[in-house]
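Notes to accompany the following structure.
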There are 2 protein chains.
Amino acid sequence: MSAQPNATPADSRRDEVVQATCAVIAREGLDRASMRAIAQELGSTTGVLTHYFRDKNDLLGFVLKAIIAKLELDRIDPSSVEASLEDVRNLLGRYLPGAADNELWWRVWLAFTVAALSDSKQAEQHRSLYAQMRSMWTALLTAMQARGEVAAELDPALEADVILCIVDGVGIQALISPELYSHDYQMAIVEAALARLAPR
Amino acid sequence: MSAQPNATPADSRRDEVVQATCAVIAREGLDRASMRAIAQELGSTTGVLTHYFRDKNDLLGFVLKAIIAKLELDRIDPSSVEASLEDVRNLLGRYLPGAADNELWWRVWLAFTVAALSDSKQAEQHRSLYAQMRSMWTALLTAMQARGEVAAELDPALEADVILCIVDGVGIQALISPELYSHDYQMAIVEAALARLAPR
DNA sequence: TTGACAACATAACAACCGTTGTGATGCTAT
DNA sequence: ATAGCATCACAACGGTTGTTATGTTGTCAA
């Protein structure tokens, strides 16, 4: 279950710090995630943080990398898998908040995304990451279209962006109004926006 | 063009401060919008801010109120207007970023939204605001459905949430990748998600 | 037993934050 | 002319921030 096969004890401890940082960011926000707050969440002092990370930027870099890994780990290879519309639904279902601990990762991801809007370096990273998702979905939809699973008259690139937008939108709304956006309701919205993919 | 018909000079000066605050938030982020940074944006010192506002919270309250006013000002009364699908498109078109100075307002709004996720008081405000939009769209779609402008088998409440989600999603993506999300492309995505509203 | 090193705790530092009080300036009504 | 008030500039305050240096503890090889 560990991240790496040859993970040293130091690496696992580092991961604990990253986890604690995510917890603080998700609960209090990115700007309130100070060194001392993170250390307190960990039940230690800032000495732990400075020992395993060069500075705060370094720590946040590890956090962002962990989030990105979470985003891409459960991704499928669009060229090797013959996905049906049902598979697409399941894939999005596991990705959205409302299931498992996804809400925590969504909160952290959204915090970094908004912060990236004011940081050209981080903005470029986010752009390329979304570009990656975009090309993945475009390839997947193109393959499905060739197999007749997606209506022929649709533009796969545009539909890929529709998926990205609807997922982001549902994600945000679910974070704002979790009592309204149950997992089933999130899926209902996604399916409503995706129904047009079906042929005929 | 002023906000209020009987606006005093003090009110207009207050509005200048609010505008400057929005500019700083949009450019540098909410956490970087310090009193001194806002004053510098205004070409003054913090004396101006403390004179017109009790404290920073008070100032940010005015900013949020200005944003909300921007959100609701160009809203239509769903019961009095006989909107067509074309009108819905135009309404959303004026609302999305990519047109006029909407991008600035979107950045500020998103900053407040993410901050609200870690503040139960602000979170409730955002929830009720989205609830307001939700009921507006539901009423509008219901009326259009009764007039045969929207397919009869659809659930207006669900479709209202689809609209809210797709707008938020397109808005965020447009802020992240403005060079990709032109105004026309934003509209194309919205129209793609909205095409299913048409009857038959 | 001792020395080296990892794993922290602790304290101090400058920089920045929001807030407050004080004073200078200029306009306005009397 | 002068009192009064609006409109700021400015400095200082306590608190919090990230960073750095130094101290303490345990472990383990030689």
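Residue numbering restarts at 1 for every chain, and letters A, B, ... go by the order of the sequence lines.
- Taking atom CZ of residue R32(B) and atom P of nucleotide dC17(C), one finds them 10 Å apart after rounding to whole Å.
- Of the candidate nucleotides dG18(C), dA9(D), dT10(C), dA9(D) has the atom lying nearest to any side-chain atom of V48(B).
- Between the CZ atom of F53(B) and the P atom of dA6(D) there is a distance of 16 Å, given to the nearest Å.
- For Y52(A) and dA6(C), the shortest distance from a side-chain N or O to OP1 or OP2 is not below 4.0 Å.
- Distance CD (E16(A)) to P (dA7(C)): 12 Å, rounded to an integer number of Å.
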Evaluation steps, side-chain hydrogen bond (donor to acceptor under 3.5 Å, both in side chains), between Q173(B) and D168(A): CA-CA 8 Å; Q173(B) 290 296 328; D168(A) 270 14; 2.8 Å; yes
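- Residue contacts shown for T45(B) include a base, since a base heavy atom lies under 4.0 Å away.
- Atom CG in D58(A) sits roughly 12 Å away from atom P in dT20(D) (whole-Å rounding).
- Rounded to an integer number of Å, the gap from N57(A) CG to dT19(D) C1' is 13 Å.
- When the side-chain nitrogen and oxygen atoms of R13(B) are compared with OP1 and OP2 of dC8(D), one or more of them lie within a distance under 4.0 Å.
- Remark: C1' of dT20(C) and CG of D55(B) are 12 Å apart, rounded to the nearest angstrom.
- Nearest approach of F112(A) to Q122(A), heavy atoms of both residues: O-OE1, 4.0 Å.
- Which of dA11(C), dC10(D), dA6(D) sits closest to the side chain of H51(B) comes down to dA6(D).
- Here T50(B) lies in heavy-atom contact (under 4.0 Å) with a base.
- Of the candidates dG18(D), dC17(C), dA6(C), the closest approach to any side-chain atom of K56(A) belongs to dG18(D).
- When distances run from any side-chain atom of T46(A) to the nucleotides dC17(C), dG18(D), dT10(C), the shortest one goes to dT10(C).
- Inter-residue side-chain proximity for E41(B) and R27(B) is flagged as met; some heavy-atom pair is nearer than 4.5 Å.
- If you take CZ of R54(B) and C1' of dT20(C), they are 15 Å apart, rounded to a whole angstrom.
- As rounded to whole Å, 11 Å separates atom P of dG18(C) from atom CG of D31(B).
- Side chain of Q145(A) to main chain of V150(A): no donor-acceptor pair is present (N/O by atom type, distance under 3.5 Å, no hydrogens or angles).
- The residue R36(A) sits close to a base: some heavy atom pair falls under 4.0 Å.
- With respect to S84(A), the side-chain contact (heavy atoms from CB on, under 4.5 Å) criterion is satisfied by exactly one of R147(A), R89(A), M144(A), E149(A): E149(A).
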